[in-house]
Amino acid sequence: MTYVITQSCCKDASCVSVCPVDCIGPVGAPGESTDSEMLYIDPAACIDCGACVQECPVGAIYHHDELPPGQQRFGDINARYFQLHPSPADQPVPRRDHAPVRPGSLRVAIVGAGPAGCYAAGELTRIDGVQVAMFERLPTPYGLLRAGVAPDHQHTKAIADLFDTALCHPRLQCHFNVEVGRDLTHQELLAHHHAVIYATGASASRDLGLPGEYLPGSHTAAEFVGWYNGHPDHADAEFALSGQRAVIIGNGNVALDVARIMLSEPDELARTDIAQHAVDALSTSAIREVVIVARRGLRDAAFSVGEFLALGNLDRVDVVIEGADLHDAPGDDAETALKVEIAREFAQRSPTSTHKRMVFRFLTTPVEVVGDGRVEGLGVRGPGGQTVVIETSLLLRSIGYRSHPIPGVPFDPGSGRVPHDNGRVRDHDGQPAPGVYVTGWVKRGPRGVIGTNRGCAEQTVTQLWTDFDNGLLTRDIDEHTALIGLLAERGVQPLAWQDWCAIDTAERQRGLDRSRPRDKFVRIADALAAAKK
Ligand code: NAP
């Protein structure tokens, strides 16, 4: 028997380099991620050593005999991947470390303390001599790990332990609660650092361009996710949970997160780190059906196999499939074939009248949000070309994200990203701008899972080292203390690592009182007060 990678695979490939027989894949080119949704272990090659288990930052790897309930299918899924993609797992390319640098010769600012920024920090701090200053607009680190990953995916949140190694490194200074663009300008950051890496993510939602899109009752999925995860920007959001049906446009993993949270038992959610206001609101929710509308077919569904499969384990929820071609097709890759197989299994189950329903409607294109003063339904064109209205008072648009422009940094409004070459920003004339870099969603767009940011950060930091070695990062810069003085003059109260530790302890303590992993502060003022206690 062998080891098996399961649903919460973060894909950061920590396991790959420790495998003595290279049986984990697929592996991308150095610094790059593959298109596969997760990593798999080839059971024919695994020697059962367990090295990967120790290394996995999210606890996603189990011995085959010890697969937990709901995850047993992954034994077969790992094996099937290698049956359909029989090329031997690629040899991981050993990484080449940069030599230590003279203290003071490279000071880097990282803007954004989410997974992308944390992986970049880890890449830099492991080279002796490099100094890093991390800036984050919230009083709390971890970005989407804290405010995006669904509360019922607590396993994934364990990756914070990995990030902490970088964030509490003696050569890294945290400046949380500082917003670049408001409290400090891009030019000021450049004046005090040899290089600046933006890891600011993609928090703006894309627009549909449909009539009625912004009627009350129509929200972005990002608002709902931020609300249930206790993001301060969304603490006051309100959603119409009094109707029996909610409709979500788009069928990516965010849509599945939102649908699951809406249909989960509140008592189950109350054992997670979900915001208390969300548990309270969901406890009185009347929603019994969530319809997930996608313009394309099942084979082009944006959700991943693991997340789709897991829906079958939801307590007292039936998964209903409409408008999908459920036949096997030669040429389907392993992940597509599994989506079809799992959808077929869902379709064959007998629905139970007392259960809630999660309905997947494929080949269904939204054409109009209808309602008199507020949302009453979503007009859609179905597979046969007919237009119908799906009645609802709550519509969530889950069609992906775009980045906010960073004042002073080039931005491509078309793609909603910063233009770059391998992470080095290109200026408005298309010329390289050594000293300014991007990583994460602001660099590559809103795709990939948490660990995808690792290869992305490696690529960006490699580009930074190339510029450093070519003598392009040798500008004279001002003392770091001058920057801190500037913030003080502006009345900004930066939080250090220890301040975050105080917030963390307080949140965990509040959680203990309610038998929860933590009870988050959802107001910035409350987090600041906890930091300074
Ligand atoms: P996504 O995966 O890109 O899905 C976006 C969805 O919106 C697709 O179904 C897309 O359909 C649809 N869409 C886009 N434009 C549309 C339009 N104009 N009209 C109708 N539908 C439209 O985005 P996401 O769900 O926001 O996820 C972002 C990333 O985070 C993904 O890489 C995802 O895997 C990751 N994530 C992972 C997890 C997890 O692993 N548990 C959880 C959350 C998020 P088309 O395909 O037809 O364009």
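In each ligand, atom 1 is the first atom listed, and ligand 1 is the first ligand listed. This is a predicted model, so every value here is computed, not measured.
Distances below 4.0 Å separate heavy atoms of R447 from the following atoms of ligand 1: 32 (O). For ligand 1, the atoms lying closer than 4.0 Å to a non-hydrogen atom of D257 are 42 (C), 43 (C). Which parts of ligand 1 touch E307 is read off a 4.0 Å heavy-atom cut-off, strictly below it: atoms 41 (N). Contact atoms of ligand 1 toward G252: 2 (O), 4 (O), 9 (O), 25 (O) (distance under 4.0 Å to a heavy atom of the residue). Per-residue contacts place S398 under 4.0 angstrom from the following atoms of ligand 1 (heavy atoms of the residue considered): 5 (C), 6 (C), 7 (O).
Of the listed options L144, I249, I399, I399 places a heavy atom closest to atom 7 (O) of ligand 1.
Considering backbone and side-chain N/O of G448, one or more are found under 3.5 Å from N/O of ligand 1. When only interatomic distances are considered, the shortest N/O to N/O separation between W441 and ligand 1 does not fall below 3.5 Å. Close N/O approach between N251 and ligand 1 is found [any backbone or side-chain N/O within under 3.5 Å]. Ligand 1 has no nitrogen or oxygen under 3.5 angstrom from a nitrogen or oxygen of D300. Polar contact check, A302 against ligand 1: no nitrogen or oxygen pair lies under 3.5 Å apart. Considering backbone and side-chain atoms alike, N253 places an N or O below 3.5 Å from some N or O of ligand 1.
The number of heavy-atom neighbours closer than 6.0 Å to CG of D161, taken from other residues, nucleotides and ligands shown, is above 12.
Looking only at protein heavy atoms, the nearest one to atom 29 (C) of ligand 1 is P446 O, 3.5 Å. Shortest contact from atom 40 (O) of ligand 1 to any protein heavy atom: V449 CG1, 3.4 Å. If you check which protein heavy atom lies closest to atom 24 (P) of ligand 1, you get V254 CG2, 3.6 Å. In terms of protein heavy-atom proximity, atom 19 (N) of ligand 1 is nearest to L208 CD2, 3.4 Å. For atom 20 (C) of ligand 1, the nearest non-hydrogen atom of the protein is R295 CD, 3.7 Å. In terms of protein heavy-atom proximity, atom 46 (O) of ligand 1 is nearest to R296 NH2, 2.9 Å.
The side-chain contact (heavy atoms from CB on, under 4.5 Å) with E123 is formed by just one residue from the set T439, V461, I197; it is V461.
Not a single protein heavy atom sits closer than 4.0 Å to atom 3 (O) of ligand 1. Inside a 4.0 Å radius of atom 22 (C) of ligand 1 there is at least one protein heavy atom.
A salt bridge links R518 to D504: one of the charged nitrogens lies within less than 4.0 Å of a carboxylate oxygen. Between D318 and R349, none of the side-chain N atoms (NZ, or NE/NH1/NH2) sits under 4.0 Å from a carboxylate O, so this pair counts as no salt bridge. Between R344 and D328, at least one side-chain N (NZ, or NE/NH1/NH2) sits under 4.0 Å from a carboxylate O, which counts as a salt bridge.
With a heavy-atom cut-off of 4.0 Å, Y401 touches ligand 1 through its side chain alone. Contact annotation: for E37 versus ligand 1, there are no heavy atoms closer than 4.0 Å. Residue contacts with ligand 1 for T365 are absent, since no atom lies close enough (heavy atoms, distance under 4.0 Å). With a 4.0 Å heavy-atom cut-off, ligand 1 is reached by no atom of T156.
Between the side chains of H85 and E335, no donor-acceptor pair of N or O atoms lies under 3.5 Å.
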